[in-house]
Each structure stands twice: as structure tokens, then as C-alpha cells.
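One structure is given here, and the rest of the page talks about it.
Throughout, a chain's letter reflects where its sequence line sits, starting with A, and its residues are numbered from 1.
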Amino acid sequence: MTAPIEPIGYDPSAVEARWRQRWIDRATNTTDIARGKDPFYALMMFPYPSAEGLHVGNLFAFTGCDIYARFQRLQGHTVFEPLGYDAFGIHSENFALKVGKHPMELIPSNIRNFRRQLDRAGLMVDWSRSVDTTAPDYYKWTQWVFLQLFKRGLAYKKAAAVNWCPSCKTVLANEQVEGGTCERCGTTVEQRFLEQWFFKISDFAERLLHNLERLDWSETTKQAQRNWIGRSDGARLRFRVLDALADAGSSTVAVTGEMRTPADAPEIEVFTTRPDTIFGATYLVLAPEHPLVEAITTPQQRSIVDAYRARSAKQDLISRKTTKEKTGEFTGAYAANPATGGLIPVWVADYVLMEYGTGAIMAVPGHDERDFEFATRFDLPIVRVVAGEGQDAHTPFAGEAYVGDGRLVNSGRFDAMPVDAAQRVLTEWLEGMHAGRAVTNYRLHDWCISRQRYWGPPIPIIYCDKCGTVPVPEDQLPVVLPDIPDFKPDDSGVSPLARHEEWYRVPCPTCGAKARRETDVSDTFLDSAWYFLRYPSVGRDDVAFDRETTKKWLPVTTYIGGNEHAVLHLLYSRFITMVLHDMGLLDFEEPFTKFRAHGLIIREGAKMSKSKGNVVNPDDYIDAWGADSFRTYLMFLGPFEEGGDFRDAGISGVKRFLDRLWASVRDGTADGTPDPEVMRKLAATIKKVGEDVPALSYNTAIAAMMEYMNTLRKGERTCHRAEVEPVVQLVAPFAPHVAAELWEMLGHTESVFDSRWPAYDPSLLVSDTIELVVQVGGKTRGKIVVAKSITQDEALAAAKADPAIGKFITGEPKKVILVPGRLLNVVV
RNA sequence: GCGAGAGUGGCGGAAUUGGUAGACGCGCAGGACUUAGGAUCCUGUGCCGCAAGGCGUGUGGGUUCGAGUCCCACCUUUCGCACCA
């Protein structure tokens, strides 16, 4: 990058340093939480303070939010713009392990570095109310949130599968497994079953889905949440397992209506979205982990089924889900298809997932691609029960399942019924036979918050042999994370905290007997699922959030952040808010009234990353060009919600713009009168910027201001003070330091941010003459200046009279179209 | 595979309800000022053409007086989700 050799225009480093200090001295950015009128809570997603320091991506997001917030302040709101640090988690811990430092040492120094960089960026952040998720006075309340869920029965413990790297001896998050191997060491990952704490978010699936409709959020974000929640309407159907021994040795499917089944025979419950295809269900499949596998497998099949289950249990979760090749084994058992009465074999296969639906399916190979593939591979019968257009009951399958629409065939008395009607009718029919019922299923599963790690808030639970699972009493919070040197996870599959008896041995809070603490810590997503509740109440030691303050400041007016958190963070925050609302602790159940996702900054066609060597260090640019130019340039790259392509070259244009503004204020005169044409353009610019900024169209707002500067200075004219003064206010959200300086140069003593957004006279924007575009045969041939109220005939006459246009109008017009105020099209 | 989005000059990107395509900036060219210019200022800059004019928004069709914008098919690409029954 190249910096200007000798600074021209104004000197950003001097101006910016001066105003940074004044803002501190005058507490300009400190919000009057208690008394401020017309509150506006402008929230940005808090960063993880990495050792690398602030990333341009962070700064892009923060700047975009800051501009919005400063604009709202200029509109007269009392704006609260807090920022903090999301510093717990595997990310920090792994980095600490890598560099051989303790996170308790590393994180504070990272935070200091972040703060240094953030201070230079010109953000209107109220640092008197910041949070650090790793501070005991913060995670005390994270633990309190856990206890509230526990109290409500929304936190429970169960065994669940996790990814385990045998080389790193640690549990891995799904994101840390790449193609079935550990992202750090390349070892094949296994799965382990561990007891883990879960939050019952699935109970809230319908509300989380339904409420989306009334939220003012980016549509892409809402759609991502809908997909994640994954509502699907279908039916649960029950298949009775026949006495396996009675059928031993028979591998053919006997069609018999006789139920030789004992009354207590097990039943397999499946979930299907296609109850209409029940007549085509030719076999059942259970997930390898399904509890009934044990009970129904015949002695002959037991050894191969056990081997299969052992194999899939060993396989890691990710590669199992990504391997497309179908595998499975026959259990030896048969079940009765409730529709046909026929016997169908029960298989076990890993393409059925235990965590979705009931962990069992009815396979309809004729009309499901996966079942078709499986049935083909294992030579299971494939029956057509839906015929599309031009097909009938006997149309063969052309190497693939038929998943399209159509009418039922081979379905007894339901033949010829359209698929959509059959879904309903067949569900009712099966319901009548007590073989099923309509249900809605969600893909969303409960939130596993346990981490067998060190760097997180300890889960506030104590296990007592007498009293069982006992929550730590609220007045004994926080459960402080001990400062231990050996925080590295080991082969045991339990948290490093479990190695410290002096920490986990505690008396039971209820009976006083010897008891032990839970040694897992909680997921970082829990830290961030409630932080926005804390900011306005920072400083209160007695409550997580003050009732009155919260009532005044929440829900968050506008939240801006990355779409990478479109699902988890935003969904968990909504969930926690809903729970606290149901407990009567909050008056609202949706935390973020408006959410906008910002785009990504790319460079040289790729996302910035250290490995690609295309990372931009904000410090270098701020040194060379100043924070104001850097901020404005970042916003000028492209639409804020889409991101942009960072190139060094472009920033000079933005600096030139600010220099020209500077020069115009310095050289402007108060003598004489402003130019009416310039004032007209100014009014249009105030209008445009005032519309673009709240729409986050920062790039076009900046373009409009640049355009105005071109008008203002055209032909090296000396401008009038009234022509330039409002521009200082328009530019203030983007370039706060230089705006503050210019505002003072103009003689104002109060902060530009406490001035009000400039007004404009709308009457300046209407004129009685317009430029009418003239097309002949749809091709633009020129434009004419005419009265606004011109009639079609007059316009036509004027067009003919214009020599440059008239020559194209040969002969009588066939048709004339006048779009009032815009265009005339003459068809010849 | 499914879902959502995007393809416009040399480059980043603008374009109300279908109504002057290319605002603004970078870059480039010419000029002014200058000992000098990689500073500043002015002018020009989609492509072809001396010009008149023609051609132009991923490709091919369509609707319309008029399409970057609407419809159909296709290509490329980005981002999510991914055996979800």
C-alpha cells in the first residue's frame, strides 16, 4: 500500500487524537441509561478477542452499526451502543494450548489489544458498560441463567454421542471435524457416548418458527432459521413386530392377514411425511442405536447385526452422515404393514438417524430415492403406489424412485386418489385402526450445552449421593473457574476440572454430606445468548438485569451482525429470552426487534485469511489514512448487507472527498447569498442521505455526498457557508472525528452529535419544468426541457420541433406514449 | 441433491412501480499550476466508427410502445443445509 508522501488537506492523526481525547473528557459517548429520552439500543455482535487482533471484518461490521447508531442520535434518540468480548470457548482454549500460555493470561492481553484498536476506530461505544464473558461477575449470571432453566425443567442430562479425537484426547465440535478426521491432527475421529446437559429448545420449536413472521429481520436469516427448525408435517405409524421365531427361516414376504402376534409384541413406530405411500412400504429400517434392535434381532442374525452396530458406533458422526453408500443388515424380524397386512422385513441401517423422528422409518423404495438405492442394493421388493401423468400401476421404474405427484395405485380402495388428498385420508384411516396419528416433527433437536473442557463457566450443579442432582444455590454463585495449570484435556473424556479434587469435592448444599461438582463447563453460545440483557444493567451485582432498566431499553432496537450466526446464536438468544419471558422476568419474548446481516469483506476474490496472506491489518490503514477515511472507505466498497471487495487503491478517493470538504469549510464565506441551484442540490442530497442511511445503503449515501461536493466546488467556485455546513452533519456518522473538528471550525460549541439532522425545504425539489426523455420507436433520441404539465400533443409538437429528434419522426406516428414527467415515446 | 442470492465498462459498484444503463469512486487520457509531481485543480473516458450512426447489462427465447428490471429454458458462481424419512 502507498501512503501519500506529504499529507495534503487535513492531518487525520492530529484531528483524530484530539477528538478521541475530548470525547473521553466530555463523556460524549456515555449514555444516560436512567434518564435518557427516546431510547435506542443499537447492538452489534461482540467479537471473540483473538490474539491476531482486530480483523477488518470486525471493523466493517462495527462501523456499519456505529453509523446507524450515530444517525439515530442525530435524529434525537438517546442511543446506547455497547460492545464487549466473547472470550470463552474452545477457540481460545486451543489457541492457548498451541502457544503454551494459560487462557487466564492470554485473554486479558488480547482484550487490551482489541480495546486499543477499537479506540482508534471512532466508535460511539459506551465503554462504561462493557462485558467480558470470562469475568466472574459476568459468568455468575450465565450460571444463573442455567439455573433458571434447570428450575423450569428445561435443563436435563442424558447420554449422547460426541466426536472424540483419540490423538488430541478431546471432544470435538462438529465444525472441528473435516471429512471424518480431526482438523488439527488428521486422526480419524470416533464417537463416544457421554452424559451431557441439554436445554429443551425443541419444546419451543413451533413458537420459534411462528414468531419469525412478525420479526423485522433479513429474509435470508429468517429462512435459515426456518430451515434449521425444519418443521415437517406427517404421521407416526406403528408396525407390530411378529413373533420372530415363528417366521424363522422364511426370507420371503408372506402375505397373510393373520396376526400371530402376542399382545405384548414390540411395536416399531416410524415417522413419515408420506403416509399416502403406506401400501408401498416393503420393509422397515431402524437406526443402529435404536433400542428395539436388541429385542427383535433373531439369534441367527445377532452376530452380524451386533457387528454392524459396533462398526457404526465406532464411526464418527460426520463421515457417517456424508458417506452416501448404503449399508445395513437384516435383523431377522418381520413386522406387519398395517395397510396391506403383509409381512415386511425389519433391517438396521445407518442411513436412518436416531436423532431424527423416531429413529425408524418405513421404507417406500418406489417413491424415496434413499430407500430405492437401499432396496436395489439388498434386493428388496419395490412396489409402485403412485402413478404420475402417463403412468399406471405397472409402469416400471427407470432406475430411480418416482418422487413426483400423481394418483395412488396398488393401494386397494384408495386407488386413483390424488396424493395430497391421500395423505390426509390415509392418516385418518390408519388412525381409525389405531395404527398411527398425524404429527408434526421438527429437525431442531435439544441444545447440548456440556463441554468436557476447561475454558468456560462451570455448570452450577452438585451431585450428592443422598440428594441427587442439586443446583448450586443462587447466593453461592459464581462457581469460579479455578486457575489450574493443567487445563489440557486428556483421554478420560471428562473435563480437566475432574482432575482437581480440591475443586470438585464440596459439601452438598442441601444436606451437607460429601458431594461433588459437575465438572463440565457450558457452551460459549450460552454466554452470548443473554449478553444483550446485561449491557444496560452492567454494574448491578444483585441482579442479572434490572427490571426497570430492561423495560426501558429492551428489546434491542437494532441488531447488526454476521450471517454466520444466523442460526445458532440468534436462535439460542431467542430461546433464552422466551424462557425468561415465560418465567415472568422479561416483558417481551423476542429480543431483537430488527436484525440486519452485514456482508463479508473479501480481497483478491477470496475471503481474508492468514493462509491466503490477504489479511488487512486495520492499524496500517488508520496510520496512513486516518480512521475517518478508513471507515468511510469500508462503507463505500459496496452495499453493507452484501459486503465488498477490498482494494488498496480506492481509499484515496475517499480521503480526497474529506479533504475537499475540509477545504470548503475552511475557505467558505458567510458573505453574499447561497447559489439557488446549489441549495436545490443540497436539499436533494439531504433527502437522499437521510433515506439511504437508515436503509443501510451507505455506499450510495457516500456517493450522493461526493456528488454534492462536485457540484459545490464545480469550476473552483468559493462556496457559501450555508451550502457546506449541513454536509458536516451528513458526513458525521461516517467520519466522526473530522466532522467534529469542522463543526467546531464553523463556530459551534455543542457536539455535532447533539445537533439535529439538517432539515431541507421540500419545495426546492419540485420545479415546473422537467427534462422529458424522447424515444422514437423505443430508442432514446434525446431530451427536451418542457413544462411539467405538458400534454401529449404539446410534447409531440416540441419533439418534432427539435431538429436532433425531429429527423427520426418520419411520417405520422402510429402511437404516442407519454409517461408524465418522464418520457415520451413516439412509434412511427 | 435441496434452499437462498448473484452475473452490468479495465476495476469496485449505481440505476424508484418496466421509462436517458454505467451515478459515485478507482484506473486511464489530455490540460492547468509547477524547478518537479506519485500533490492539487479542470476536462474527457462503455464498445465499434472520421462522422452520421450502430452495438451493448452471463446465454437463448418470450411479453411490451419500451426490459438490467417481468416470464420460460440454460450456463456460471457465492453462501447456507445436507441420507431430516
Which part of the nucleic acid, if any, lies within reach of [X] when heavy atoms closer than 4.0 Å are counted: base, sugar-phosphate only, or nothing?
{"X": "A:A649", "result": "sugar-phosphate"}
{"X": "A:Q775", "result": "base"}
{"X": "A:F808", "result": "sugar-phosphate"}
{"X": "A:N710", "result": "sugar-phosphate"}
{"X": "A:R236", "result": "nothing"}

[X] has a side chain; which of [options] sits nearest to it?
{"X": "A:K326", "options": "B:C42, B:G54, B:C83", "value": "B:C83"}
{"X": "A:V827", "options": "B:A23, B:A85, B:C65", "value": "B:C65"}
{"X": "A:N825", "options": "B:G25, B:C83, B:G19", "value": "B:G19"}

Discussion item. Within residues 225-234 of chain A, which residues have any heavy atom lying less than 4.0 Å from an atom of RNA chain B?
Written reply: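 Heavy-atom contacts with RNA chain B come from A:N227, A:S232.
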Are any of [X]'s side-chain N or O atoms less than 4.0 Å away from OP1 or OP2 of [N]?
{"X": "A:R781", "N": "B:A52", "answer": "no"}
{"X": "A:R443", "N": "B:A85", "answer": "no"}
{"X": "A:T277", "N": "B:A85", "answer": "no"}
{"X": "A:K714", "N": "B:U43", "answer": "yes"}

Worksheet item: Given the P atoms of B:U16 and B:C41, what is the spacing between them in whole Å?
Response: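 About 31 Å, rounded to a whole number of Å.
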Fill in: Whole-angstrom distance between B:G25 and B:A14, as gauged at atom C1'
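The answer is 11 Å between these two C1' atoms.
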Fill in: Base-contact (B) and sugar-phosphate-only (S) positions in nucleotides 4-16 of chain B, heavy-atom cut-off under 4.0 Å, - elsewhere
S------BBSSSB
Worksheet item: Under 3.5 Å, is there a donor-acceptor pair between the side chain of A:R574 and the main chain of A:L208?
Response: yes
Worksheet item: Name the stems with RNA chain B in them: runs of three or more consecutive Watson-Crick or G-U pairs, distances under 3.5 Å?
Response: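 Counting only runs of 3 or more consecutive pairs, the stems involving RNA chain B are B:1-7 with B:75-81, B:10-12 with B:24-26, B:27-32 with B:40-45, B:46-48 with B:53-55, B:58-62 with B:70-74.
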Worksheet item: Does the ring of A:F397 carry A:R384 above it, NZ/CZ under 6.0 angstrom from centre and within 45° of its axis?
Response: yes
Item to complete: Please identify each residue that fulfils salt bridge (Lys or Arg N to Asp or Glu O under 4.0 Å) with A:D692, with sequence neighbours left out.
Response: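 For A:D692 the salt bridge (Lys or Arg N to Asp or Glu O under 4.0 Å) partners, ignoring immediate neighbours, are A:K688.
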Fill in: Residues forming a ring pair (Phe, Tyr, Trp, His ring centres under 6.0 Å) with A:F239, sequence neighbours excluded
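In terms of ring pair (Phe, Tyr, Trp, His ring centres under 6.0 Å), with neighbours along the sequence ignored, A:F239 is linked to no residue.
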Fill in: Partners meeting ring pair (Phe, Tyr, Trp, His ring centres under 6.0 Å) with A:W228 (sequence neighbours left out)
none
